[in-house]
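See below for the structure under consideration.
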Amino acid sequence: MNDSSYSVILQNLSSDYYHGQIDFEDYRIQRKIVLDKVDEELNGFSIIDNDPGENNNKEDFFNTITYVQNTDINT
């Protein structure tokens, strides 16, 4: 599926929620399905492919890099 198709799907989904045709939980569930599919196609990673038996440490998964501004006056 191309990018514009995903965009149309997400726009329609947002419109359905905005107009009260679906509730918030349904909106979130359907949006997650679409975004997972986009992630899978663009990044080659599928949430389903991830084996739940693996040792998935959330701390390792969400590691971030912090950039600290140099506050040394002499530099």
Side-chain angles (χ1 to χ4, degrees):
M1 200 176 292
N2 60 27
D3 294 343
S4 62
S5 297
Y6 288 123
S7 177
V8 169
I9 291 169
L10 289 171
Q11 287 174 351
N12 290 338
L13 186 60
S14 296
S15 177
D16 289 347
Y17 172 66
Y18 179 78
H19 291 100
Q21 296 172 349
I22 59 175
D23 66 2
F24 185 65
E25 275 303 310
D26 288 336
Y27 167 75
R28 290 187 68 218
I29 290 168
Q30 292 179 36
R31 183 186 66 181
K32 181 177 181 345
I33 292 169
V34 173
L35 294 177
D36 285 347
K37 187 65 175 168
V38 169
D39 187 34
E40 179 182 343
E41 284 190 16
L42 295 178
N43 296 321
F45 177 76
S46 173
I47 299 298
I48 296 170
D49 291 342
N50 194 8
D51 183 11
E54 294 179 11
N55 185 10
N56 293 327
N57 189 347
K58 289 184 180 182
E59 287 182 28
D60 291 340
F61 184 74
F62 289 107
N63 279 339
T64 58
I65 298 173
T66 305
Y67 295 94
V68 180
Q69 185 176 9
N70 188 353
T71 57
D72 187 7
I73 298 173
N74 296 330
T75 57

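Keep in mind that this is a model prediction, so the values were computed, not measured. If you read the sequence from its start, that first residue is 1, and numbering goes on from there.
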Report the distance from atom NZ of K37 to atom CG of L35, rounding to the nearest 0.5 Å.
13.0 Å
Same cluster (ILVMFWY, side-chain, under 4.5 Å), I9 and Y18
no
From CA spacing to verdict: side chain to side chain contact (heavy atoms under 4.5 Å, CB included), V38, N43
CA-CA 8 Å; V38 169; N43 296 321; over 6 Å; no
Show the numbers, then the answer: is there a side chain to side chain contact (heavy atoms under 4.5 Å, CB included) between R31 and Y17?
CA-CA 11 Å; R31 183 186 66 181; Y17 172 66; over 6 Å; no
At what distance, to the nearest 0.5 angstrom, does CG of L13 lie from OH of Y6?
14.0 Å
Could you measure the distance from the CD atom of Q30 to the CG atom of D16? Nearest 0.5 Å is fine.
7.5 Å
Ignoring hydrogens and angles, tell me if any N or O in the side chain of S15 forms a donor-acceptor pair with the backbone of Q11 under 3.5 Å.
no
